[in-house]
Amino acid sequence: MRTWLPAIAALCLALPGPASADVEDAVNWARLRGCHAAGGRVGLQSNAKLKRAAARLAGGAHLHEALTAEGYLVSESAELHFSGAVTDAQISRTLTSNYCATLTDPKLREMGVQRRGQEVWMVLAAPVRLPSPGDAESVSRQILAVVNEARAAGRRCGSRHFPAVAPLSLNASLTGAALAHSREMAAYGEFDHRGHDGSTPSLRVQRAGFGAYRIVGENIAAGPMTPAAAAAGWLASPPHCENIMDGRFTQIGIAYAANLNSAAGLYWTEDFAAAR
């Protein structure tokens, strides 16, 4: 299962007037003072990757393509294009009059601007906040809570309805197997249940020292940037949902690994099992 498309808004404006170099100040004036100023609102910070992404837009690239090419992992983004020789004051007035909802979105925290002749391209964005290695246990427990909430309530997975079943418990060996596979997918930038050495989920569970088992299952994901997004994606996918709701499983291992040079960014694994 892949999940990798941030929210994107595109705006195109045509404005007259002389050129001006300091567009970023005009944007922040509108954000902080022109759009119903509110306490606690902060200005957008200039970001070099977003500046280069804006330059790619000026060259004809799409927003998602430009952000990916610059290695900017985005959770929210917006594109603004001004055509005509515009002044800072005109930009501020137009943003204030028409685009305050976008401009004052608290999730947007950074910007990049590219000016070419009488045209200006802007990218406003919020970077993804990746979980740190020290958050591994917390991340596992966040996903476990979502999984067990679904199991306690019962759930429809595609055309199949699953009744409520007992909760799963975290298992260290299964977590080790999940971590090993997430790291391997991240290292090679590959998304597959079969390991690079040909291993299967069952073999990886054996290698991790789980012991004799009755049944093994696995969910993987590439691209979700938060535990909540990974869990929601699995529950929305019938085959993955069926693993989560399978009453034969009693234990679970959950892990993720990062490769920021890959298109996906984060790779996730859930390993399910029941001891013999």
Side-chain angles (χ1 to χ4, degrees), residues 1-8 47 49-50 53 62-77 107-110 123 125-150 168 170-172 174-197 199 201 204-205 208 217-241 243-244 252-272:
M1 178 197 69
R2 291 185 182 272
T3 305
W4 179 252
L5 280 179
I8 294 175
N47 180 278
K49 289 184 177 180
L50 294 183
H62 296 293
L63 181 55
H64 179 65
E65 174 189 354
L67 292 169
T68 300
E70 292 302 327
Y72 188 97
L73 295 180
V74 64
S75 60
E76 300 284 340
S77 62
K107 296 187 292 295
L108 299 174
R109 299 192 298 275
E110 298 178 336
V123 179
V128 165
R129 297 303 184 195
L130 297 176
S132 70
D135 293 334
E137 182 176 352
S138 173
V139 167
S140 294
R141 293 201 174 278
Q142 289 177 58
I143 294 177
L144 178 66
V146 175
V147 165
N148 281 337
E149 182 179 3
L168 298 172
L170 282 174
N171 177 275
L174 293 179
T175 296
L179 180 59
H181 191 53
S182 292
R183 284 176 172 172
E184 183 172 276
M185 289 192 293
Y188 291 99
E190 295 178 352
F191 179 71
D192 201 325
H193 287 286
R194 184 165 295 276
H196 208 253
D197 61 354
S199 63
R204 291 191 291 271
V205 166
E218 183 175 82
N219 286 345
I220 59 175
M225 290 293 132
T226 65
W234 281 323
L235 284 171
S237 167
H240 300 87
C241 176
N243 274 343
I244 290 172
I252 188 173
I254 305 165
Y256 65 93
N259 177 356
L260 302 187
N261 293 319
S262 69
L266 287 186
Y267 296 81
W268 304 79
T269 305
E270 287 182 320
D271 279 330
F272 305 85

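Only a predicted model underlies this, so the values are computations on that prediction, with no experimental measurement involved.
Atom OH of Tyr256 sits about 10.0 Å away from atom CZ of Arg183, to the nearest 0.5 Å. Atom CE of residue Met185 and atom OG1 of residue Thr269 lie 3.5 Å apart, to the nearest 0.5 angstrom. Summarising the geometry, atom NE2 belonging to His240 is positioned 6.5 Å from atom CD1 belonging to Ile220; distances are rounded to the nearest 0.5 Å. Rounding to the nearest 0.5 angstrom, the gap separating the CD atom in Glu270 from the CG atom in Asn243 is 8.5 Å. Interatomic distance, Glu137 CD to Ile254 CD1, rounded to the nearest 0.5 Å: 11.5 Å. In this structure, CG on Leu168 lies 9.0 Å from CD1 on Ile244, to the nearest 0.5 angstrom.
The shortest non-hydrogen separation linking Val146 to Ala231 is CG1-CB, 3.8 Å. Closest non-hydrogen pair, Ala264 versus Ala222, comes out as CB-CB, 3.8 Å. Here the shortest heavy-atom pairing between Leu63 and Ser77 reads CD2-OG, 3.6 Å. The two residues Leu235 and Ala150 come nearest to each other via the heavy atoms CD2-CB, 4.0 Å.
Partners of Ser138 according to the side chain to side chain contact (heavy atoms under 4.5 Å, CB included) rule, which considers only residues two or more places apart in sequence or in another chain, are Gln142. Applying the side chain to side chain contact (heavy atoms under 4.5 Å, CB included) criterion to Glu65, with sequence neighbours excluded, gives Ala61, His62. Partners of Glu70 under the side chain to side chain contact (heavy atoms under 4.5 Å, CB included) rule, at least two apart in sequence or in another chain, are Lys49, Arg52, Ala53, Arg56.
No option in Leu108, Asn47, Leu50 other than Leu50 meets the side-chain contact (heavy atoms from CB on, under 4.5 Å) test with Val123.
No donor-acceptor distance shorter than 3.5 angstrom exists from the side chain of Asp271 to the backbone of Thr175, with no hydrogens or angles considered. Remark: side-chain polar atoms of Glu110 are not paired, donor with acceptor, to backbone N or O of Pro127 under 3.5 angstrom. A distance-only check finds no donor-acceptor pair linking the side chain of Ser199 to the backbone of Arg204 [under 3.5 Å]. Proximity of a side-chain donor or acceptor of His181 to a complementary backbone N or O of Asp192 within less than 3.5 Å is detected. The closest donor-acceptor contact from the side chain of Thr68 to the backbone of His64 lies under 3.5 Å.
Between Trp268 and Trp234, the angle of the ring planes goes over 60°, which puts this pair in the perpendicular group of the 30/60° scheme.
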